[in-house]
K.L.:
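Pasting in a structure now, in structure tokens, and then I'll have a few things to ask.
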Amino acid sequence: MRNGVRLLLLVAAMCLGAGVGATEWTHAVQLSPNYTLHWRPNESSVSFKIEARTLGFVGLGFSPKGGMANADIILLWVDDYTGEAHVGDYYATGNAKPRRDEIQNVELLEAEQNGTHTIVKFRREWETCDQLHDMALGEETVRLIWALGQKDPANGHDPSVWHGKQMRGTKSVYLKTASLQKKKKRANHQKPVRFWDVKMSNLLIPDNMDTRYWCKIFKLPYLDKKHHMIGYSPLIDPRNKGSVHHMILYECVHSRAHSMFARYIAHEGAACYSPKMPSDWEHCLTPIVTWAIGSEGELLPEHVGLPLSYTDYPSDTYFMLEVHYDNPTFKNARDNSGIRVHFTEELREYDGGVMTVGTTITPLHMIPPRQESYATAGYCSDECTSQMLPDTGIKVVSVVLHAHLAGRAMTLRHIRNGKELAPIVKDSHYDFNYQQARVLSNEVQIEQGDELIMECGYQTINRTEPTFVS
Ligand SMILES: *[C@@H]1O[C@H](CO)[C@@H](O)[C@H](O)[C@H]1NC(C)=O
Ligand SMILES: *[C@@H]1O[C@H](CO)[C@@H](O)[C@H](O)[C@H]1NC(C)=O
Ligand SMILES: *[C@@H]1O[C@H](CO)[C@@H](O)[C@H](O)[C@H]1NC(C)=O
Ligand SMILES: *[C@@H]1O[C@H](CO)[C@@H](O)[C@H](O)[C@H]1NC(C)=O
């Protein structure tokens, strides 16, 4: 595990804000085939609806690390005999029966039971007054834990019936994030959405390295006019699930792109940024897709599209796909992973782009061993934003946080005229296995002359060697 250090933060940037309607269930996640959670965030509170295939109890918890230890737990059930609904606010200290909080902070809205399912609606504040036993919820990653009990708690109060090993689980989510669901439904595309698959072709991943960045050149399909990318999804080779750690698709920008890159189309690829990589590929620097493990892909908000080529049309554009494989136990594996790019000729209102903020890979970035908490920072000064951003500034619509296994907390701080503004994104519960893009509830403006500080916190308590860039 020498790769705990590399981190970068990716910000897709654009213009204008958009609201989300208040009455629908705007977010949903299927926690198991028998348990669907819907929710609706607003400024002060979050409302939930659970549909679960049980006539016993339903449990939903918020956990710092994914287990029951220190979890804030809500239990709900409808009494099979009286039809009376019960809700309780609990906490757990370990894998044992949860205890009822002294202060109850869950409001039951509705509950019903049909022949097979329990359907409950309830609400809680993001932050309650019970700092002892309730977890503060918000924009940071939260590990949901869930359980289904087959029977109602025996005495009408105490959930003494165990849920059993099959009827529980954990899943990381962002509760307070803008939803694309409603917009997705409204989107009525006149022109079909097309896709382009950019993937490795039976690449042999040697077993003599425990981590590997592989780069390969691709040509964009012929386009006669400007098109917008509206989203992407990962294509992970099922054989290598868990080993494909991140993928970045870069546009190769050069005035003579064709004469420079056409010859590389048949090239099998090379270890990225190694002496074996042709130096021409160093022109492939403009990221349009950044995917990392645990993400299901991303759909851009309806008013934003990424131009698939920044050069003239008809297109003659080349891209480089970088795939980071990470698995010390690789045995000469073969891989076909990559990215599906969804695009359309129906242009959106604004052009988007991707900006990377953070610490680049250098041998000087080192995390000492045995650290409970160790911080580093990447700094983009006022000069940096003045040179990089357009006169109008940019709007941030979506953010991907990326760190390796030792990463625990990440904050992108934002300073204007010497005064610190609210952080653009902050997560002290960073989950390496859930690097889903975050669509911001409120788009953030970054002006020329603003300063950005990307702070990363690491934990290396069980490592005996310094962690270097791999
Ligand atoms: C879903 O519930 C049904 C009925 O209780 C049960 O037979 C089935 O095993 C459950 N499925 C899962 C994946 O838990
Ligand atoms: C949030 O939603 C709850 C329940 O729907 C409502 O009572 C409350 O007024 C809303 N708060 C805001 C700030 O919109
Ligand atoms: C019971 O509720 C579930 C979840 O809402 C639904 O899928 C199912 O069709 C309902 N069954 C009946 C008999 O109404
Ligand atoms: C460190 O190792 C100890 C002993 O094996 C283990 O109990 C603990 O969970 C580990 N901590 C982390 C953060 O991995």
Side-chain angles (χ1 to χ4, degrees), residues 1-5 7 24-40 47-61 63-71 76-80 83 85 92-95 108-122 141 143-153 159 161-172 181 242 293 326 328 367-375 403-410 427-434 456-467:
M1 281 200 260
R2 304 190 316 112
N3 63 330
V5 201
L7 46 119
E24 295 173 53
W25 297 101
T26 46
H27 299 63
V29 60
Q30 185 147 40
L31 296 174
S32 104
N34 287 341
Y35 190 137
T36 307
L37 177 71
H38 305 260
W39 72 97
R40 176 173 67 236
S47 304
F48 294 97
K49 175 185 171 189
I50 294 172
E51 288 175 285
R53 189 183 175 99
T54 183
L55 301 181
F57 72 84
V58 173
L60 180 70
S63 159
K65 291 191 175 149
M68 279 181 80
N70 301 316
L76 307 111
W77 67 96
V78 176
D79 189 296
D80 295 350
T93 48
N95 289 331
L108 184 69
L109 302 173
E110 262 177 67
E112 61 166 302
Q113 199 167 272
N114 66 20
T116 51
H117 286 69
T118 298
I119 300 128
V120 288
K121 297 180 190 171
F122 54 100
T141 306
R143 275 82 163 167
L144 295 180
I145 56 173
W146 61 269
L148 293 181
Q150 274 153 344
K151 293 193 186 130
D152 289 346
V161 190
W162 192 46
H163 43 71
K165 276 193 176 155
Q166 305 305 319
M167 296 297 184
R168 63 168 186 205
T170 177
K171 170 121 181 71
S172 286
Q181 274 192 7
I293 194 163
D326 190 23
I367 316 294
R370 302 281 181 212
Q371 301 299 303
E372 176 58 43
S373 164
Y374 187 85
H404 287 189
L405 292 165
R408 292 292 181 278
M410 302 175 83
D427 200 338
S428 22
H429 304 289
Y430 177 74
D431 182 353
F432 170 81
N433 289 307
Y434 184 65
C456 298
Y458 300 93
Q459 196 205 57
T460 54
I461 198 81
N462 283 351
R463 295 187 183 193
T464 52
E465 301 290 328
T467 301

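Counting convention: from 1, in listed order, for ligands and their atoms alike. For the single chain, residues carry numbers from 1 onward in sequence order.
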K.L.:
Can you tell me how far CD1 of Ile145 sits from NZ of Lys65, rounded to the nearest 0.5 angstrom?
P.N.:
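One finds 14.0 Å between NZ of Lys65 and CD1 of Ile145.
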K.L.:
Looking only at side-chain N and O atoms, does Gln459 offer a donor or acceptor that is under 3.5 Å from a partner on Glu372?
P.N.:
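There is such a pair between these side chains.
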K.L.:
Please name the residue in the list Glu110, Glu51, Glu112 that meets the salt bridge (charged side-chain N to carboxylate O under 4.0 Å, His left out) test with Lys121.
P.N.:
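Only one option passes, and that is Glu110.
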K.L.:
Nearest to atom 4 (C) of ligand 3, what protein heavy atom do you find, and at what distance?
P.N.:
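Here the nearest protein heavy atom works out to Glu51 OE2, 3.3 Å.
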K.L.:
Specify the protein heavy atom at minimum distance from atom 6 (C) of ligand 4: its residue, its atom name, and the distance to 0.1 Å.
P.N.:
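Residue, atom and distance for the closest contact: Asn462 ND2, 4.1 Å.
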K.L.:
Distance to 0.1 Å, residue and atom name: give those for the protein heavy atom nearest to atom 13 (C) of ligand 4.
P.N.:
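Scanning the protein heavy atoms, the shortest distance from atom 13 (C) of ligand 4 goes to Gln459 OE1, 3.1 Å.
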K.L.:
If you compare all heavy atoms of Leu55 against all heavy atoms of Thr118, which two are closest, and at what distance to 0.1 Å?
P.N.:
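Closest approach of Leu55 to Thr118, heavy atoms only: CA-OG1, 3.9 Å.
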K.L.:
Specify the protein heavy atom at minimum distance from atom 3 (C) of ligand 3: its residue, its atom name, and the distance to 0.1 Å.
P.N.:
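Ranking protein heavy atoms by distance from atom 3 (C) of ligand 3, first comes His117 CG, 3.5 Å.
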K.L.:
Provide, to 0.1 Å, the distance between atom 9 (O) of ligand 3 and the closest protein heavy atom, together with that atom's residue and name.
P.N.:
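Residue, atom and distance for the closest contact: Asn114 ND2, 4.8 Å.
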K.L.:
Say whether Thr116, considering both its backbone and side-chain N or O atoms, lies within less than 3.5 Å of an N or O atom on ligand 3.
P.N.:
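No; the residue has no nitrogen or oxygen that sits under 3.5 Å from a nitrogen or oxygen of the ligand.
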K.L.:
Counting both backbone and side chain atoms, is some N or O of Asn34 under 3.5 Å from an N or O of ligand 1?
P.N.:
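Yes: some nitrogen or oxygen of Asn34 is under 3.5 Å from one in ligand 1.
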K.L.:
Verify whether one side chain among Thr141 and Asp431 offers a donor that lies under 3.5 Å from an acceptor in the other.
P.N.:
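Checked: Thr141/Asp431 side chains show no N/O donor-acceptor pair below 3.5 Å.
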K.L.:
Indicate the atoms forming the closest heavy-atom contact of Gly56 with Trp77, along with that distance.
P.N.:
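Nearest pair, atom of Gly56 first, then Trp77: O-CB, 3.7 Å.
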K.L.:
Do protein heavy atoms approach atom 11 (N) of ligand 3 to less than 4.0 Å?
P.N.:
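When distances to the protein are checked, atom 11 (N) of ligand 3 has a heavy atom within 4.0 Å.
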